[in-house]
Amino acid sequence: MTTTEEQKEKQRTILFPHAGIIVLVGPSNSGKSTLLRRLVDEGTLLQTEIVSSDDFRSMLGDTDFMDWKNRPREEADIIFNDYQLLSSLAFEAMNSVIAMRCRLGKLTVVDATHLQEEYRKQYLDLADKYNVPCMAWVLDVTEETLLERDVQREHPRGRQRVKQQYGQFKRSLRSVKDEGFASTYFLKNTESVLFERKQNPLWVEIDKGLDIIGDIHGCYEEMIELLERLEYKEDEKGLYKHPEGRQLISVGDVMSRGPESLKTMRFWKKHVDAGIARMIDSNHGWKIARYLDGRKVTLSHGDENIAAELEAFALEAGDEEAKRLRDELKQFLLSAPSHLLFGRNGVRRVVVTHAGIRDEFIGKQSKRIQDFCRYGDTDGMDGKGAPVRKEWYVEHESGEIIVWGHDPRPFPTVVKNTVNIDQGAVFGGSLTAYRYPEGKFVSVKAKRDYAGDPDSPLIRWERGRFSPPNLRKFVEGYSVQTDLYGEITVRGEFVKAAIDTVSHFTVPLEELVYIPPTMSPPPSVSIDENYLEHPREAFAYFRAQGVKTMIAEKKHMGSRAILLLFRDEEAALPYVGRPSLGTIYTRTGRAFFDRDTESEVLRRLNADLVQANYFAKNNTDLLLLDAEIVPWNLKARELISSQYAHVAEAALLDREHLLEKLREAERSGRDVTSWIQEMEEKLQNAHLFKEAFQKYCWDVSGLEGIKMAPFHTLAHSGQTFFEHSHLWHMEHNRELAELSPLFMETEYRTVCNEADEEQIIRWWEEMTEDGHEGIVIKPETFITRNGDKLVQPALKVRGRKYLHIIYGIDYLQPDNLVRLKQRKTSKKERNALMECALSRESVERFIRKEPIERVHECVLAALSLESDPVDPRL
């Protein structure tokens with residue numbers, strides 16, 4: 001070891017906190033500024049981390065010192081008062097800056113004398129307010145040294161003032177240790193002290209990925225089963241490791257209530273000690289730590305089970321071994337962090353906490369933060385002695401994913417980038433892991449209800465299934481975790497528009513269980529100069545995605561509708577909370593029929609299905625259908641009369657008149673042949689336009705003339721049908737058409753090869769020239785992927801005549817068609833995929849009888865995406 005190294009080893013080392021306030025205490029000339037310059041030169045401290053009262057005096061008053069000595073009395077008093085005012089304002093400005101830095105979690109070193117306790121206390125108060133530590137560095141220099149240094153200053157303070165400050169300083173030494181600083185250092189010779197920066201102990205670098213596990217509560221067998229599902233393997237030392245080096249994280253509460261708390265705690269201690277896992281502090285963990293420390297605590301809510309397990313361990317292993325285990329577990333639990341930050345490139349990505357955290361607490365440590373992270377945001381107790389939990393997560397705005405537990409819910413809950421993964425394993429629910437960066441959930445079902453609580457959180461959730469959702473969770477934008485698409489985020493401005501619709505116009509929320517996804521035309525327009533859309537482009541898209549078999553369905557010209565039908569009124573109770581035969585609503589969630597007509601339709605459908613024994617044969621209490629109801633004018637009467645009919649009649653009158661005038665001009669010898677030809681084409685376009693919408697309109701009387709064409713059988717009770725092929729759906733819908741005259745069959749074709757494609761094209765050309773809207777082309781399976789990429793669930797190909805309604809009377813004019821072929825469909829395609837995922841998710845949750853809020857977040861997100869402006873003609 002070199003002499004320098006030996007000297008360094010003997011030197012005292014002081015660690016800077018990663019954040020907080022360091023208050024320098026010492027009279028003028030004690031070396032505060034000199035020490036700070038040294039630390040900046042060494043790179044230990046940033047210049048921006050220093051705030052100096054002298055600097056703020058200069059900033060505000062253009063000087064850091066006013067000399068009132070050796071001045072006439074009347075002048076000295078004025079100068080002194082000016083200096084006092086300047087100092088007061090300088091400290092006011094300086095403290096504002098310090099407060100802002102504390103809010104940001106920055107380190108600030110305050111360079112001022114701080115000789116009086118009241119001046120030091122204001123920084124202790126600031127640190128407490130913003131949850132950062134506050135340290136004191138006391139520069140203890142002799143009076144002789146202070147006087148020597150003062151003489152050498154550009155603006156000496158004077159012997160009398162130096163001696164006065166030194167006296168104040170000596171009196172401060174008696175109390176500074178007891179004033180509440182996180183640590184206090186007395187420095188007589190700063191040159192012999194080493195200073196080092198301390199990294200934030202809450203920060204963890206993300207490496208290969210995170211597997212974050214919810215509240216285990218002693219459910220050891222379920223924990224091991226979950227680890228095995230996560231592909232962790234046990235090595236020869238009994239450590240569970242992931243072959244890819246992923247990190248294992250617990251949100252806390254690994255013990256209490258369940259059957260094997262001691263075994264579970266020892267598992268986590270072993271893995272944390274090995275550096276391959278981390279565990280967060282929690283309310284049960286904190287109580288058990290104090291119990292093990294001999295504190296007087298009341299063991300309840302399953303904590304008493306641990307005392308029994310420890311007694312059993314002592315009988316088996318002996319008192320000495322039991323004491324050693326108690327001490328080890330105590331230290332392990334006491335050392336658990338309130339929360340952890342996981343990030344890359346210095347940017348926070350994931351925060352893991354037990355019961356919650358406010359944005360301003362993230363990355364900081366204090367008793368207030370520890371308590372919040374252990375217990376969440378509570379508002380007293382309810383009548384049964386349970387904490388009333390406030391919804392802290394609706395305020396989360398800072399962007400990180402916050403993963404937490406503590407508050408058991410039947411299913412993982414994602415609200416505003418917060419993820420709850422306590423699914424009540426100990427209450428008979430599930431043990432859940434959240435995988436990052438995949439954003440996936442993996443769960444195992446509990447083997448039984450270990451707690452046996454008749455008023456458990458899961459039971460209370462079930463009782464509150466039909467409670468209205470808290471719109472504050474959604475109004476500023478939020479995310480939905482879907483199995484199909486992963487996380488889907490909707491923006492606040494679109495959510496607000498959707499909430500306005502839901503609040504005023506839709507059917508009751510408990511009946512609004514599915515919003516049909518939008519559907520895009522082919523991503524590329526037709527290369528045929530006579531068509532804007534053509535089946536060839538749809539076939540080409542699916543072939544490029546690896547789809548071998550497709551289904552082409554005739555597209556009815558009607559209005560999209562959702563039919564939720566129950567076996568009888570009582571069968572609706574578990575699903576919508578009240579007796580009902582069902583509901584029929586539009587793709588925007590509004591009632592499709594007036595009340596009387598809907599009641600008549602539902603009674604007729606129910607009678608037909610019951611008579612055909614449909615519900616009994618399929619062992620179901622409900623039938624959920626995605627359908628088209630014709631004729632179009634049932635819902636579009638006002639649109640037809642006020643827009644289409646008016647435009648058609650006006651165009652016909654106008655063009656017939658112009659054509660007659662052109663022919664008169666031709667008869668008088670004018671050369672207007674090209675104009676006549678153009679006007680004849682435009683007149684023909686007007687006739688085609690009128691024919692296009694009239695084809696789909698007819699008068700109805702009562703139920704006569706109303707037809708419903710189901711094309712997706714979405715669900716029965718206990719089962720959804722998204723995994724079934726479209727062939728199955730079409731055949732099932734054919735069966736429905738045989739059971740009730742209100743149902744109609746949808747014509748379809750299967751596409752397996754090029755010959756089939758040509759046949760479909762001829763079929764499409766014939767039906768669209770006859771005035772029908774077109775076809776929908778789908779992959780054989782409802783959900784299709786090309787590798788990891790989700791394939792469009794359907795593409796619509798509309799006919800030339802019908803597109804007159806969408807793009808205007810003269811859209812086929814060459815110049816117009818060239819311009820229209822520049823249209824972009826990417827946003828429509830993206831929304832179609834997201835809405836498909838949300839729609840599937842909402843139905844799955846509804847059939848599982850999840851709380852209405854869980855279903856509603858999917859429905860509201862789908863309606864919000866519909867508020868996102870996309871060319872409505874696509």
(Q) Within the 4.5 Å heavy-atom criterion, are Phe342 and Tyr436 side-chain neighbours or not? (A) no

Q.
When you measure from the centre of the six-membered ring of Phe16, is the NZ or CZ of Arg197 closer than 6.0 Å and no more than 45° off the axis?
A. yes

Q.
Any non-hydrogen side-chain atom of Leu333 less than 4.5 Å from a side-chain atom of Trp286?
A. no

**Q.** Any donor-acceptor pair under 3.5 Å from Asp215 side chain to His406 backbone
**A.** yes

(Q) Tell me whether Asp359 contacts the main-chain N or O of Ser398 through its side chain, where contact means a donor paired with an acceptor under 3.5 Å. (A) yes

(Q) To check you understand the geometry: which heavy-atom pair defines the closest contact between Val132 and Cys102, and what is its length? (A) CG2-SG, 3.8 Å

Q.
If you apply the rule salt bridge (Lys or Arg N to Asp or Glu O under 4.0 Å), what do you find for Lys170 with Asp140, and how did you get there?
A. CA-CA 9 Å; Lys170 282 299 182 183; Asp140 189 2; 3.6 Å; yes

Q. When you check the gap from the basic side-chain N to the acidic O, do Arg120 and Glu117 get nearer than 4.0 Å?
A. no

Q: Report yes or no: does His217 contribute a side-chain atom to a donor-acceptor pair with the main-chain N or O of Met255 at less than 3.5 Å?
A: yes

Q: Taking all non-hydrogen atoms of both residues into account, name the closest pair between Phe267 and His271 and its distance.
A: O-ND1, 2.7 Å

Q) Going by heavy atoms in the side chains, are Tyr450 and Arg257 under 4.5 Å from each other? A) no

Q: Please confirm whether the backbone N or O of Thr190 pairs with a side-chain atom of Arg38, one donor and one acceptor, at under 3.5 Å?
A: yes

Q.
With a 4.5 Å cut-off on side-chain heavy atoms, are Leu310 and Leu292 touching?
A. yes

(Q) Is it the case that the side chain of Asp453 and the backbone of Phe427 share a donor-acceptor pair, with hydrogens and angles ignored and the cut-off at 3.5 Å? (A) no

Q) Under the side chain to side chain contact (heavy atoms under 4.5 Å, CB included) criterion, do Arg435 and Arg246 qualify, and how do the steps go? A) CA-CA 10 Å; Arg435 312 202 82 179; Arg246 297 172 68 92; 3.2 Å; yes

Q: Calculate, to the nearest 0.5 Å, the distance between atoms OG and CD1 belonging to Ser430 and Ile421 respectively.
A: 12.5 Å

Q. Between Arg37 and Asp41, is there a side-chain N and carboxylate O pair less than 4.0 Å apart?
A. no

Q. After noting the C-alpha distance and the side-chain angles of Leu325 and Leu262, does the key distance pass the side chain to side chain contact (heavy atoms under 4.5 Å, CB included) rule?
A. CA-CA 10 Å; Leu325 178 61; Leu262 200 56; 4.2 Å; yes

Q. Is the ring centre of His284 less than 6.0 Å from the ring centre of His301?
A. no

**Q.** side chain to side chain donor-acceptor pair (under 3.5 Å) evaluation trace for Thr413 with Asn420
**A.** CA-CA 5 Å; Thr413 305; Asn420 175 281; 5.0 Å; no

(Q) Regarding Lys416 and Glu397, does a basic nitrogen lie under 4.0 Å from an acidic carboxylate oxygen? (A) yes

Q. After noting the C-alpha distance and the side-chain angles of Gln423 and Phe441, does the key distance pass the side chain to side chain contact (heavy atoms under 4.5 Å, CB included) rule?
A. CA-CA 11 Å; Gln423 274 61 74; Phe441 298 102; 5.9 Å; no

(Q) Checking the side chain of Lys32 only, and the main-chain atoms of Leu139 only, is there a donor and an acceptor separated by less than 3.5 Å? (A) no

Please tabulate, for the side chains in residues 108-116, all donor-acceptor contacts under 3.5 angstrom to protein atoms that are two or more places apart in sequence or on a different chain.
residue: Thr108; atom: OG1; partner: Arg101; partner atom: NE; Å: 2.9
residue: Asp111; atom: OD2; partner: Ser33; partner atom: OG; Å: 2.9
residue: His114; atom: ND1; partner: Leu24; partner atom: O; Å: 2.6
residue: His114; atom: ND1; partner: Ala112; partner atom: O; Å: 3.4

**Q.** Non-hydrogen atoms of Ile280 and Ala336 that approach each other most closely
**A.** C-CB, 3.9 Å

Q: Tell me yes or no: between the side chains of Ser338 and Asp281, is some donor less than 3.5 Å from an acceptor?
A: no

Q. Under the 3.5 angstrom rule, does the side chain of Glu49 hit a backbone N or O of Gln47 as a donor-acceptor pair?
A. no

**Q.** Any side-chain heavy-atom pair of His339 and Phe361 under 4.5 Å
**A.** no

Validation: residues 225-234 side-chain donor-acceptor distances under 3.5 Å, sequence neighbours left out:
residue: Arg229; atom: NH1; partner: Ser443; partner atom: O; Å: 2.4
residue: Tyr232; atom: OH; partner: Asp211; partner atom: OD2; Å: 2.7
residue: Glu234; atom: OE1; partner: Tyr240; partner atom: OH; Å: 3.4

Q | Parallel, tilted or perpendicular: ring planes of Trp137 versus Phe195, cut at 30 and 60 degrees | A | tilted

Q | Identified side chain to side chain contact (heavy atoms under 4.5 Å, CB included) partner of Ile402 from the options Val350, Ile357, Val352 | A | Ile357

Q) Between Ile401 and Tyr434, is any pair of side-chain heavy atoms under 4.5 Å apart? A) yes

Q) Hey, is the main chain of Gly439 close enough, under 3.5 Å, to the side chain of Gln481 for a donor-acceptor pair? A) yes

(Q) Taking Asp235 first and then Lys237, would you say they form a salt bridge - that is, a charged N and a carboxylate O separated by under 4.0 Å? (A) no

Q) So, for Gly209 and Pro437, which heavy atoms are closest and what is the spacing to 0.1 Å? A) CA-CD, 4.3 Å

(Q) Between Tyr393 and Asn417, does the side chain to side chain donor-acceptor pair (under 3.5 Å) criterion hold? Intermediate values first, please. (A) CA-CA 9 Å; Tyr393 37 82; Asn417 244 21; over 6 Å; no

Q. Run the salt bridge (Lys or Arg N to Asp or Glu O under 4.0 Å) check on Asp125 and Lys129 step by step: do they pass?
A. CA-CA 6 Å; Asp125 292 342; Lys129 180 178 180 180; over 6 Å; no

Q) Does the distance from a Lys or Arg side-chain N to an Asp or Glu carboxylate O, for Arg374 and Asp253, drop under 4.0 Å? A) no

Q) Would you say Trp404 and Val351 make side-chain contact, with heavy atoms under 4.5 Å? A) no

(Q) Please determine whether side chain to side chain contact (heavy atoms under 4.5 Å, CB included) holds for the pair Leu187 and Arg12, giving the CA-CA distance in whole Å, both sets of side-chain angles, and the decisive distance to 0.1 Å. (A) CA-CA 10 Å; Leu187 309 176; Arg12 185 181 181 190; 3.6 Å; yes

Q. Counting only N and O atoms by type, is there a donor-acceptor contact under 3.5 Å from the side chain of Lys364 to the main-chain atoms of Gly20?
A. no

Q: Might you point out which heavy atoms bring Asn95 and Leu126 nearest each other, and give the distance in Å?
A: O-CD1, 4.0 Å

Q | CD1 on Ile22 to CG on Leu45, rounded to 0.5 Å | A | 7.5 Å

Q: Compare every heavy atom of Pro337 with every heavy atom of Leu202, then report the nearest pair and how far apart it is.
A: CD2-CB, 3.9 Å

Q: Applying side chain to side chain donor-acceptor pair (under 3.5 Å), run through Glu179 and Ser175 and close with a yes or a no.
A: CA-CA 6 Å; Glu179 290 174 9; Ser175 63; 3.1 Å; yes

**Q.** Main-chain N/O of Asp128 paired with Arg368 side-chain donor or acceptor, under 3.5 Å
**A.** yes

**Q.** pair Glu205-Arg344: side-chain heavy atoms closer than 4.5 Å
**A.** yes

Q.
Any salt bridge linking Arg460 with Asp455? Criterion: basic side-chain nitrogen under 4.0 Å from a carboxylate oxygen.
A. yes

**Q.** Heavy atoms of other groups near Lys330 NZ, more than 12 under 6.0 Å
**A.** yes

Q | Check against salt bridge (Lys or Arg N to Asp or Glu O under 4.0 Å), Arg324 and Glu328 | A | CA-CA 6 Å; Arg324 185 191 63 77; Glu328 287 180 354; 2.3 Å; yes

**Q.** Pair Asp327 + Lys323: basic N to acidic O under 4.0 Å
**A.** yes

